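Below is one structure, written out as structure tokens; the observations come after it.
Each ligand, and each atom within it, is numbered from 1 in the order the structure gives. This one's a predicted model, so the numbers in the text were calculated from it and none came from an experiment.
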Amino acid sequence: MSKMWVGRTDGKTSAAADGFNSSIGFDSRMFAEDIGGSAAHADMLARCGIITEEDARKITDGLRSILEDLREGRLDFDPASEDIHMFVEETLTSRIGDAGKKLHTARSRNDQVALDLRLYLRGRIKEIRESVISLASAFVCRAEEQSGTVMPGYTHMQRAQPVTFGQHMAAYASMFVRDIGRLDDCSRRMNLSPIGACALAGTGFPTDREYEAGLLGFDGVAVNSMDAVSDRDFCVELLSALSVIMMHLSRLCEELVLWSSWEFGFIELPAEYTTGSSIMPQKKNPDMAELIRGKTGRVYGDLIGTLTVLKGLPLAYNKDMQEDKESVFDAVDTVLACLGMAVPMISGLKVRSDRMRRAAGEGFINATDLADYLVSKGLPFRTAYRISGSAVAYCIDNSFTLETLPLEKYISFCPLIGEDVYEAVDLDRCVAARNSLGGTSPDQVRAQAARLKELLAGLSSD
Ligand code: ARG
């Protein structure tokens, strides 16, 4: 097939160069956006008197038939087309004749690809957003339900203080709520139309960019023509937001892997999201969680790859920019797939509260509470801290816990200690006492869950 851009050269490129140059293998997924963008363009051209109403009608009818045929599988993408834009235009012209040749007036593939990508990503961001909302909501449900489940909280991966599993779940819900905010910020900045910037410098035709932007559901126009065709910040911003989502998912998955090990045994993953071993019959492997953790590297790679492609590009369009799509598509697909695994894993995980409590009973995670108790008896915190530390050391050497250490021993460390010390080191009481705003007490966890629920309800109605 002869190339549409035959002009200075005869267009006889080598077959290898054609394959190397072609993007239809991956940009064909934007066919609906490409066709929708072209229909709006034809509408604008006719409205501004640049083409006739008759030609515009032929173009939009032709485009509609192409869209239907592609959707119904009656038309295949031609791998010989350079990209989706060429394919649609070539198919249109073969169907409607000369009117099809007028469609590309007052635009270029440079503004067209920038348009298609924004339209396409706008749709995918909506899907991702819905999925993140589902995940955050799943965490909120678990937070509510587990608001009183005591477990060890860790710092440095050492048992630190008792927390509730609900608090842990609400922590993840909070992260994913912020992720929704990042997606929204990115969508807002992305939602400006580049079409009409043409190759790089605008056009001499009396176009109406604002009208065309309105038809396509944009909030406005990306004004500067050189910026409009060469801006890929929106890809970078989206990739950054997606990388943060993956970072959060990866931290979660690391915990799921640890918690579901024999050593912890805090949770059991739903069997549908685990695998067996081909040789060890006892295994229940957390493959999905591990894969999410692994795929995080891939999404970071997509971000770094795109930043690197862009860093040396002079204005305006350069063909290097064709590389943006595979990265951003890969990241979008990966994040959606990972969220699709994470939601049912969180909703379906079995909480082994007995194992959590047993672990919380070891490791002296109530040592701070003993110190706080001594402060309530009038000691300065530093002194109280030291006494509590000596009591812990004694317990370790003599196989006691702070719950089982006899009162006379306690008194030998500090005569201010009374019978009420046992209440002070009781795990449920320690947890309930951490009732400061956002603390781990069941009351605070329930309050957080209620607040998050309200926030999420507001976000889903956006
Ligand atoms: N396939 C190209 C891309 O993805 C479309 C734009 C081509 N523009 C050009 N002047 N060759 O970037």
ask   = Is R124 salt-bridged to D333, cutoff N-O under 4.0 Å?
value = yes
query = Is there any salt bridge (charged side-chain N to carboxylate O under 4.0 Å, His left out) pair reaching into residues 258-280, and which pairs are they, with sequence neighbours excluded?
reply = E268-K284
note = Sequence neighbours excluded, the answer for ring pair (Phe, Tyr, Trp, His ring centres under 6.0 Å) partners of F329 is Y120
ask   = What is the minimum heavy-atom distance between L115 and F218, and which atoms define it?
value = CD1-CE1, 3.4 Å
ask   = Do R47 and D43 meet the salt-bridge criterion of a basic N to acidic O distance under 4.0 Å?
value = no
Return a table of N or O atom pairs, ligand 1 on one side and protein on the other, at distances under 3.5 Å, rounded to 0.1 Å.
{"residue": "ligand 1", "atom": "1 (N)", "partner": "S23", "partner atom": "OG", "Å": "3.1"}
{"residue": "ligand 1", "atom": "1 (N)", "partner": "D83", "partner atom": "OD2", "Å": "3.0"}
{"residue": "ligand 1", "atom": "1 (N)", "partner": "Q322", "partner atom": "OE1", "Å": "2.7"}
{"residue": "ligand 1", "atom": "4 (O)", "partner": "K325", "partner atom": "NZ", "Å": "2.7"}
{"residue": "ligand 1", "atom": "8 (N)", "partner": "N110", "partner atom": "OD1", "Å": "3.0"}
{"residue": "ligand 1", "atom": "10 (N)", "partner": "N110", "partner atom": "OD1", "Å": "3.0"}
{"residue": "ligand 1", "atom": "12 (O)", "partner": "Y317", "partner atom": "OH", "Å": "2.4"}

task = Could you name each residue pair satisfying salt bridge (charged side-chain N to carboxylate O under 4.0 Å, His left out) that touches residues 162-183, not counting sequence neighbours?
result = D179-R182
